A.B. asks: 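First the structure, then my questions, so here it is.
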Amino acid sequence: MNFKQIHHIAIIGPDYAESLHFYRDVLGFEVIREHQRPDKDDVKIDLKINETTELELFIKPDVPRRVNCPEAQGVEVEALRTDDYTGEKMVFFYGPDGLPIELHE
């Protein structure tokens, strides 16, 4: 599969304020639209990553949290790596739910 671009990435989070703060205020993604979805018992927030890519953030209060990641200050970032296949730089950091997120050059 050869991707020319990615339209959106979807992430689920349990806490509205915490998730919105992280993705909007810490990472700087702009909110494009927000929808309450009572039929799914969630909120869907679309954020602009860049001109071609969006982040779909689903806030669902009953999503399970990881038990091995206590509340953290700031953003935990792993050391910068080089992709073995492409030779490009990549880094992993963690969202408010403790799940890893990868940024790749």
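This structure is a prediction, so every number in the text was calculated from the model and none was measured. Residue numbers run from 1 in the order of the sequence given.
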A.B. asks: Nearest 0.5 angstrom please: L47 CG to R33 CZ, how far?
C.D. replies: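 Here the rounded value is 9.5 Å.
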A.B. asks: Would you say the side-chain atoms of K60 pair up with the backbone N or O of K40, donor to acceptor, closer than 3.5 Å?
C.D. replies: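 Yes, because the side chain of K60 sits within donor-acceptor range (under 3.5 Å) of the backbone of K40.
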A.B. asks: For the atom pair CG (N50) and CG (L55), what is the distance rounded to the nearest 0.5 Å?
C.D. replies: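 Here the interatomic distance stands at 11.5 Å.
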A.B. asks: S19 and G13: which non-hydrogen atoms are nearest, and at how many Å?
C.D. replies: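 In this case the closest contact between S19 and G13 is OG-CA, 4.0 Å.
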A.B. asks: Can you name the nearest heavy-atom pair linking Y94 to F22, along with the distance?
C.D. replies: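 The answer is O-CZ, 3.6 Å.
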A.B. asks: Calculate, to the nearest 0.5 Å, the distance between atoms CG and NE2 belonging to D42 and H35 respectively.
C.D. replies: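 Here the rounded value is 11.5 Å.
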A.B. asks: What I want to find out is whether E88 reaches R81 closely enough, with some N-O distance under 4.0 Å, to be called a salt bridge.
C.D. replies: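 R81 and E88: not salt-bridged.
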A.B. asks: What's the spacing between H7 NE2 and I49 CD1 if we round to 0.5 Å?
C.D. replies: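 One finds 10.5 Å between NE2 of H7 and CD1 of I49.
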A.B. asks: Using 0.5 Å steps for rounding, measure from the OH atom of Y16 to the NE2 atom of H21.
C.D. replies: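 These two atoms lie 13.5 Å from each other.
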A.B. asks: Does CD1 in I12 sit with more than 12 non-hydrogen atoms of other residues, nucleotides or ligands closer than 6.0 Å?
C.D. replies: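 Atom CD1 in I12 is not packed in, count stays at 12 or less.
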A.B. asks: For T53 and F29, what are the C-alpha separation, side-chain angles and deciding distance, and is it a side-chain contact (heavy atoms from CB on, under 4.5 Å)?
C.D. replies: CA-CA 11 Å; T53 309; F29 300 149; over 6 Å; no
A.B. asks: If you compare all heavy atoms of I45 against all heavy atoms of L20, which two are closest, and at what distance to 0.1 Å?
C.D. replies: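 Closest approach of I45 to L20: CD1-CD1, 4.1 Å.
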A.B. asks: Can you name the closest pair of heavy atoms from Q36 and V43 and give their distance?
C.D. replies: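 Looking at all heavy atoms of both residues, the closest pair is OE1-CG2, 3.4 Å.
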A.B. asks: Under a 3.5 Å cutoff, is there a donor and acceptor pairing between the side chains of Y23 and E18?
C.D. replies: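 No - no donor-acceptor pair under 3.5 Å links their side chains.
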A.B. asks: Taking only residues two or more places apart in sequence or in another chain, which ones pass side-chain hydrogen bond (donor to acceptor under 3.5 Å, both in side chains) with T82?
C.D. replies: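 T82: no side-chain hydrogen bond (donor to acceptor under 3.5 Å, both in side chains) contacts found.
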A.B. asks: Does K44 pair with D46 as a salt bridge, N-O distance under 4.0 Å?
C.D. replies: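 A salt bridge links K44 with D46.
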A.B. asks: Could you pull out all residues at least two apart from K48 that satisfy side-chain hydrogen bond (donor to acceptor under 3.5 Å, both in side chains)?
C.D. replies: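 Applying side-chain hydrogen bond (donor to acceptor under 3.5 Å, both in side chains) to K48 gives E51.
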A.B. asks: Checking D83 now: which residues fulfil salt bridge (charged side-chain N to carboxylate O under 4.0 Å, His left out) with it, not counting sequence neighbours?
C.D. replies: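 Partners of D83 under the salt bridge (charged side-chain N to carboxylate O under 4.0 Å, His left out) test: none.
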A.B. asks: If two hydrophobic side chains count as joined below 4.5 Å and joins carry through other members, does I32 share a cluster with L27?
C.D. replies: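 Result: no, two separate clusters.
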A.B. asks: For P100 and F92, which heavy atoms make the closest approach, and how far apart are they?
C.D. replies: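 Closest approach of P100 to F92, heavy atoms only: CB-CD2, 4.4 Å.
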A.B. asks: Working to the nearest 0.5 angstrom, can you tell me the gap between H8 NE2 and T52 OG1?
C.D. replies: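 That separation rounds to 13.0 Å.
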A.B. asks: Can you see which heavy atom on I11 is nearest to which on I101, and at what distance?
C.D. replies: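 That would be CD1-CD1, 4.3 Å.
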